[in-house]
Amino acid sequence: MIDKCIKCDTKIPDERVHLGYRECVECSSVEAYSVHIVYPHKTGAFIQPVSSETKKNLDRLDRRAVKVGGKINAPKAREWKMSEPIPQPKTKKQSKVVRYNHKKFSDVFIKCRDTYKQSGYDKSLEFLSELFKTNKINLTTKQNCVNYLTTIHMLNRKQRKLVLK
């Protein structure tokens, strides 16, 4: 086997000799292959070996090959750039002190218990919902009262009478 170039007499790599080439890369007149990436669907791409001239033409036609590595590959394509955002002047926020005039838990609890005694479970829940919607009580107060009412309502009549005294 010949492992030296027939033109310049340098050693040819074993891979080229194995493939049957008799010239080194520098002396060879065969054009190097280029590859064109083909996307048959969204995520599966494969490469197709082509000549460099064919690659240029395919890149010009293929919409995915317009921009490669941040540089425009097609000669007639224009790169779209987003303009820099205009900085907005910072305004000082004036903090407002918000004061809530919520009713005390003890007052709401007594009123809620009296409503339960007179009108029942559903009416007392409606009463609490109305107070909450009109922002007279906070969510914690409402939830504590609902928990109390539900606990009482789940008891039998004898136990309920003892608790409500």
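What's counted below: heavy atoms across the whole structure, side chains too, no hydrogens, waters or symmetry copies. In what follows, residues are counted from 1 in the order of the sequence shown.
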Rounded at 0.5 Å granularity, tell me how far NZ in K4 sits from CZ in R22. 15.0 Å
Just how far is it from atom SG of C27 to atom CD1 of I6, taken to the nearest 0.5 Å? 9.0 Å
How about V97 and R99: do any of their side-chain heavy atoms sit closer than 4.5 Å? yes
Counting only N and O atoms by type, is there a donor-acceptor contact under 3.5 Å from the side chain of K55 to the main-chain atoms of H36? no
Test of understanding: with salt bridge (charged side-chain N to carboxylate O under 4.0 Å, His left out), list the residues that count as partners of K117, not counting sequence neighbours. none
With no hydrogens and no angle check, do the side chains of T141 and N138 hold a donor and an acceptor under 3.5 Å apart? yes
Would you compute the distance between atom OG of S34 and atom CD of Q48 and round it to the nearest 0.5 angstrom? 12.0 Å
Name the atoms and distances for all side-chain donor-acceptor pairs under 3.5 Å in residues 122-131, with sequence neighbours left out.
from	atom 1	to	atom 2	distance (Å)
S124	OG	G120	O	3.2
S124	OG	Y121	O	2.7
S129	OG	L125	O	3.1

Shortest non-hydrogen contact between C24 and C8, atoms and distance: SG-SG, 3.6 Å
So, using side-chain contact (heavy atoms from CB on, under 4.5 Å) as the criterion, who are the partners of R16 when residues are at least two apart? I12, P13, Y21, V25, S28
Listed once per pair and sorted, the side-chain hydrogen bond (donor to acceptor under 3.5 Å, both in side chains) pairs that draw on residues 151-165, sequence neighbours left out: Y116-H153
Could you state whether L149 and L164 fall into the same hydrophobic cluster, counting links through intermediate Ile, Leu, Val, Met, Phe, Trp or Tyr residues with side-chain heavy atoms under 4.5 angstrom apart? yes
Does L139 share a hydrophobic cluster with Y148, counting links as ILVMFWY side-chain heavy atoms below 4.5 Å and allowing steps through other members? yes
Got a sec: does the CG of L19 have more than 12 other heavy atoms crowding it under 6.0 Å? yes
All side-chain contact (heavy atoms from CB on, under 4.5 Å) counterparts of N135, not counting sequence neighbours: Y100, H102
Take atom CD1 of I37 as the centre, draw a 6.0 Å sphere, and report whether it contains more than 12 heavy atoms from other residues, nucleotides or ligands. no
Hey, what do you get for CG (D3) to CG (D14), rounding to the nearest 0.5 Å? 7.5 Å
Taking only distance into account, with no hydrogens and no angle test, what donor-acceptor pairs under 3.5 Å do side-chain atoms of residues 105-114 form with protein atoms, sequence neighbours excluded?
none

Evaluate F46 against V35 for side-chain contact (heavy atoms from CB on, under 4.5 Å), listing each step before the verdict. CA-CA 10 Å; F46 62 89; V35 293; over 6 Å; no
